[in-house]
Amino acid sequence: MHERWFWWACGAADGAWNMAADEMLLRQAASRARPVLRVYRWSRPAVSFGYFQPYPSELASQYELVRRPTGGGRVYHGSDTTYTVVAPPDHWLHRARASEAYCAIHRAVARALGQPVTLLNHPPTSPGGAYDCFQRPVTGDVMAQDRKVAGGAQRRSRWGLLHQGSIAVAIEPQRLAEAFAQVFGIEWELFVPQAEELTLIEQLARDKYARAQWNQRIR
């Protein structure tokens with residue numbers, strides 16, 4: 001049995017726009033009624049950092065900085081592959097336990113990598129506080145021997161499930177789509193954002209993700 005998902009391959013954008021696009025997809029997930037896989041790039045070197053992390057001011061002179069709506073650690077963007085999965089609230093990915101959904105998505109990422117990789121099946125001993133995502137593997141991350149090569153962070157809400165992921169190497173978007181199709185049995189439909197969706201992205205980018213009140217707030 002096949003699922004129908006939307007497929008959205010984006011061009012390069014700044015961090016605020018990228019995070020706003022993900023939030024737009026999450027907010028409208030229920031009305032869309034199908035999952036979306038979005039693959040995207042960054043218009044300049046950037047660091048995204050987790051919702052609960054402190055603002056990494058020491059990196060501000062070298063990178064564009066943006067706080068994600070999901071948790072996790074700092075991720076350096078430029079040569080990586082970034083993607084987002086958004087599932088509506090009635091989809092099995094949203095209903096599944098967080099660990100199950102995380103591992104399911106990462107099985108597709110592992111297929112796309114096409115090299116001997118495994119999913120970490122035990123929680124490592126790791127420090128808390130400010131940390132880089134790829135220096136702190138967690139259960140379900142994609143590992144090549146002892147090196148983390150793909151990770152992600154999730155957020156669940158009444159709108160649905162948001163999974164934001166990063167793969168340490170560049171992968172062709174079509175290769176990632178093919179791997180997801182193989183693992184989940186997906187039939188793709190091209191996602192074309194409508195005018196009102198683009199307007200919401202621009203509003204969220206301007207009024208939230210580009211503002212110091214969001215990025216530099218102290219928790």
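The structure displayed is predicted, hence computed values, not measured ones. In what follows, every heavy atom counts, from backbone to side chain, and hydrogens, waters and symmetry copies are set aside.
Between T139 and S99, the closest side-chain pair of non-hydrogen atoms is not below 4.5 Å. Counting only heavy atoms from C-beta outward, the side chains of P69 and M19 approach each other to under 4.5 Å. When side chains are defined from C-beta on, Y76 counts as touching D132, because their heavy atoms get closer than 4.5 Å. V149 has its side chain out of reach of V169: every pair of non-hydrogen atoms, C-beta onward, lies at least 4.5 Å apart. Between T84 and V36 the shortest side-chain heavy-atom distance does not fall below 4.5 Å. The shortest side-chain heavy-atom distance between F6 and V86 does not fall under the 4.5 Å cut-off. Side chains of S157 and L26 form a contact here, defined as non-hydrogen atoms less than 4.5 Å apart. Residues V142 and L119 meet the side-chain proximity criterion, which asks for heavy atoms closer than 4.5 Å.
Partners of L198 under the side-chain contact (heavy atoms from CB on, under 4.5 Å) rule, at least two apart in sequence or in another chain, are W17, P193, I201. Under the side-chain contact (heavy atoms from CB on, under 4.5 Å) criterion, Q203 pairs with L200, R206, D207, sequence neighbours left out. Residues satisfying the ring pair (Phe, Tyr, Trp, His ring centres under 6.0 Å) criterion with H77, sequence neighbours excluded, are W42. Listed by chain and number, the residues in a side chain to side chain donor-acceptor pair (under 3.5 Å) with H94 amount to none (sequence neighbours excluded). In this structure A108 satisfies the side-chain contact (heavy atoms from CB on, under 4.5 Å) test together with F180, V183, F184, sequence neighbours excluded. P173 pairs by the side-chain contact (heavy atoms from CB on, under 4.5 Å) definition with W7, V39, not counting sequence neighbours.
Cation-pi geometry between R217 and Y51 is satisfied (NZ or CZ under 6.0 Å from the ring centre, within 45° of the ring normal).
The list of side chain to side chain donor-acceptor pair (under 3.5 Å) pairs with a residue in residues 105-116, not counting sequence neighbours, reads R111-Q182. Sorted by first and then second residue, the salt bridge (charged side-chain N to carboxylate O under 4.0 Å, His left out) pairs with a member in residues 41-58 read R44-E64, E58-R74; sequence neighbours excluded. Evaluation of the salt bridge (charged side-chain N to carboxylate O under 4.0 Å, His left out) test over residues 82-97, restricted to residues two or more places apart or in two chains, returns R97-E100. Applying the side chain to side chain donor-acceptor pair (under 3.5 Å) definition to pairs two or more places apart or across chains, those involving residues 166-179 are D80-S166. Applying the salt bridge (charged side-chain N to carboxylate O under 4.0 Å, His left out) definition to pairs two or more places apart or across chains, those involving residues 146-157 are D141-K148.
Looking only at distances, a side-chain donor or acceptor of R67 sits under 3.5 Å from a matching main-chain atom of W214.
With Y83 as the partner, the side chain to side chain donor-acceptor pair (under 3.5 Å) test is satisfied by one option alone out of Q164, R38, H163: H163.
Under the 30°/60° scheme for interplanar angles, the aromatic rings of F191 and W8 are found to be tilted.
The other residues sharing a hydrophobic cluster with V75 are F134, where clustering joins ILVMFWY side chains under 4.5 Å apart.
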